[in-house]
Amino acid sequence: MTDLRRATRVAYRDRIAEVLARDPRTVCVDTDTGLFQGVDFGAAAHRYVNVGIAEHNAMGLAAGLAAGGFTPFVHTFATFAAMRAAEAVKIDIAYNALPVRIAATHSGLSAGHFGPTHHALEDLAVMRCLPNMTVVVPADAAGTEALLEQTLGLPGPLYLRLGRKPTPPLPAGAAPPRLGFAQVLRTGPDVLLVACGPHPVHAALGAAELLAADGIRAGVLNMHTVKPLDVPALLAHSAGRALVVTVEEHWRAGGLGGAVAEALAESGPVRVLRLGVDDTFASVVGDHDALARHYGIDPASVAGRIRSALSVGPPVIEEELHHGHRLSRM
Amino acid sequence: MSVPLTELSAGAAFAGHAARIREHIVAMCSGPEGGHLGGSMSLVEILTALYFGVLRVDPAAPADPDRDVFLLSKGHGAIALYATLAERGFLDPAELAGFGTWGSRLMAHPVRAVPGVELPTGSLGHGLALGAGFALAARLDGRPGRAYVVMGDGELQEGSVWESAMGAAAQRLDNLVAVVDRNGLQISGRTEDVCALEPLAQRWRTFGWSVREAPGHDLDALVGALGSTPWEPGRPSLLLADTTKGAGLPFVAGAVHSHFATLSVRQLARARAALAAGTGGGGRD
C-alpha cells in the first residue's frame with residue numbers, strides 16, 4: 001500500500017523553488033535550517049540567501065528586502081520565529097505591514113524528542129496578537145500547496161506554520177482550503193470541533209467518528225486560517241450546539257482555542273472546551289505521534305473529553321489535574 | 001559615487017545647518033514632554049554631513065528607487081533627525097514645535113509617517129539588519145542606492161548588532177555604511193564602565209568590516225571619511241565618530257545626565273545663549 005503521508009514542510013519546500021523561479025521579486029532567506037539542501041534554484045540561485053544561525057538578523061534583513069521592493073520568504077523553526085526573533089517580527093515586519101512570509105517548520109510538538117527547546121507551543125499566541133499578521137496552519141501537504149499559492153499576493157506579512165515529519169492527507173472529498181475561510185470537513189448538530197494542523201484535525205475527525213457511535217453528531221471545521229478568524233463560519237456552525245471544542249498542537253492559552261473563545265464570548269452563550277497542551281513543558285520523551293497522544297491530541301482522548309464535558313460539567317479542574325502539574329486551583 | 005562638489009569646505013558650507021539643527025533640538029527639549037537631548041546633540045554633525053554632503057536623497061522624490069536609504073538605528077535621537085529633515089527640506093520647520101504633542105506625527109522615536117523616515121526605529125539593535133536588507137535589495141536589482149545606518153555606541157551592547165555585523169560582512173554588502181555615534185556614555189554611565197566596547201575599531205575589523213575613525217563634530221572630516229563607497233570592495237563600511245554627548249551645551253556636554261531633558265524656560269534661554277556663543281563644543285570645526 002502506498003504511503004500517502006507527506007510533511008507539510010516538504011510540500012512547501014517543493015513548491016517554493018517554483019515560486020522563486022516564477023517571480024523575480026521573491027527571495028528565499030534561510031537560517032541554516034537544512035530545508036533546502038539539494039534544492040536546485042536554477043536561475044534564481046542568487047535569490048537564495050543563507051544568513052546562518054541568526055534569526056533576528058534574518059527577520060530584519062527580510063524587512064529591509066521587503067521595504068526595498070522584494071517579497072522574502074524567511075525560514076526557521078517555529079519557536080525561533082515566535083520567540084527568539086519575536087521583536088524583529090513585531091517591529092520590523094508587522095508594524096510596517098511588510099510582505100514578509102515567515103515559513104516556520106517544527107511547529108507544535110513536531111520536533112518530537114528534540115524537547116521543549118524545539119517545541120513551539122506559543123507561536124500562534126505570539127503571531128496572532130500582532131496587528132497586520134496573517135496566520136495560516138495547513139493540515140496536510142495538499143492544503144499547504146493550496147494555501148501557499150493563495151497567500152502569494154498578500155500585501156502584508158504571513159506566518160505559515162509547518163511541521164517536520166510526514167503526516168497523512170485529509171480524507172478525500174473535502175473542497176480545497178480557501179484562505180480566510182474555515183474548511184468544513186463534517187457537519188453535525190450536537191457538537192462543533194474546530195481544529196488546525198495535521199494531528200489536531202485528524203484527532204477531531206476521528207473523535208467525531210467515535211462520538212457518532214454514541215449518537216453524538218459532531219461537525220468539524222479545519223480552521224487553517226487562525227488570523228483573520230472566520231467568525232461567520234464559526235458562528236454559523238456553533239449555533240445551537242451544546243459544546244464547541246477546539247483542538248490544537250499549542251498550549252491551551254492564546255492559540256486557536258483562545259481565538260475561538262474570544263470570538264464566541266462576544267457573540268453568544270456557548271460552552272467552549274479548549275484542548276491542547278496543558279500549562280506545562282512537554283518534557284516527556286517520544287516522537288511526534290507519541291507526544292500528541294500523551295497530551296490528548298488523538299481521536300480517543302478528544303472523544304473522551306467531549307463525552308465527559310457533556311455529562312459532568314466544567315472540565316477545567318479535572319483537566320489540569322490530569323497530568324499532575326496542578327495541585328490547587330488558581 | 002561622487003559627493004556633490006562645493007566651492008567651500010564642508011565645514012564652511014554646512015556649519016549653518018548644524019547650528020540651526022542644534023537650535024531646533026534644544027527647542028524640542030523645552031516642550032512639555034522633554035526630549036533625548038544628549039544623544040541628539042552628539043549626532044548633529046554626523047547627520048549634517050550625511051544629509052548635506054553624502055546621501056543621495058531628494059525631498060521632492062522621497063521614493064526614488066535609486067535613492068540612498070538612511071536609518072537612525074539609535075531611534076531615540078529622533079529629534080536630531082527631525083531637525084535635520086526640516087533643515088534639508090523634508091519637513092516644514094514649523095512642524096517641529098508640535099513634537100511629542102497630541103496630533104503631531106513627531107514622536108520620540110521615528111515613524112514612517114514622517115517624510116524622509118524609511119522605517120521606524122527605537123528598540124536598539126534593529127537598524128543594521130534593516131540596512132543590510134535595503135543594501136541587498138539594491139544589489140539584487142542592480143540599483144546604485146546605498147544604505148546608511150547610524151547606531152549609538154551603547155546600542156552595540158545589543159547582541160543583534162553583531163549578528164547583523166557578521167551577516168552583512170558574509171554577504172559582502174559593500175553598499176552598506178554604518179556610523180557609530182561614539183559619545184562614550186549611556187544612561188547609567190560610561191560605556192566602558194557599564195559593558196566595555198573597546199577595542200571597538202578592532203572588533204569591527206575582525207567582523208569583516210572596513211573601519212575608519214573621525215572626529216565626530218568635524219564636518220570636513222566626516223564628509224571626507226564617508227565620501228564614497230565602497231571603502232573596500234566586498235566589505236561593509238563602519239565609521240567610528242568620536243563625539244561628545246550633549247555637544248554644544250557647556251552645562252551638559254559630556255555629562256551622563258544629558259541623556260534626557262525637559263528644559264525650563266530659563267534653561268532654554270541659557271542653552272540658546274550657549275549655542276550662540278559657541279562655547280559648548282560641537283560644531284567647533
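Below, read A as the first sequence line, B as the second, and so on, with proteins coming before strands; counting in each chain starts at 1.
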Check: Got a donor-acceptor contact below 3.5 angstrom from the Q171(B) side chain to the V51(A) backbone?
Finding: no
Evaluate whether atom [atom1] of [X] has more than 12 neighbouring non-hydrogen atoms of other residues, nucleotides or ligands under 6.0 angstrom away.
X	atom1	result
L152(A)	CG	yes
K90(A)	NZ	no
Q37(A)	CD	no
Q202(B)	CD	no
R143(B)	CZ	yes
F181(A)	CZ	no

Reported [atom1]-to-[atom2] distance for the pair [X] and [Y], which is rounded to 0.5 angstrom:
X	Y	atom1	atom2	result
D141(B)	R25(A)	CG	CZ	4.0 Å
L136(B)	R47(A)	CG	CZ	11.5 Å
E87(A)	E158(B)	CD	CD	7.5 Å
I53(A)	M166(B)	CD1	CE	9.5 Å

Do you know which two heavy atoms are closest between [X] and [Y], and how far apart they sit?
X	Y	result
A137(B)	F70(A)	O-CE1, 3.5 Å
N96(A)	R112(B)	O-NH2, 2.7 Å
H56(A)	E163(B)	N-OE1, 3.3 Å

Next item on the list: For chain A, find which of L119(B), L71(B), V111(B) contributes the most heavy-atom pairs closer than 4.5 angstrom.
Entry: L119(B)
Check: Does any heavy atom of chain A fall under 4.5 Å from the side chain of A132(B), the backbone, both, or neither of them?
Finding: both
Checklist line | Max heavy-atom pair count under 4.5 Å with chain B, selected residue of A66(A), G52(A), A67(A) | finding: A67(A)
Checklist line | Engaged part of V29(A) at the chain B interface, taking heavy atoms whose separation is under 4.5 Å | finding: neither
Notebook entry, point to check: Hey, which of D92(A), L65(A), I91(A) is the one that makes side chain to side chain contact (heavy atoms under 4.5 Å, CB included) with L130(B)?
Noted result: D92(A)
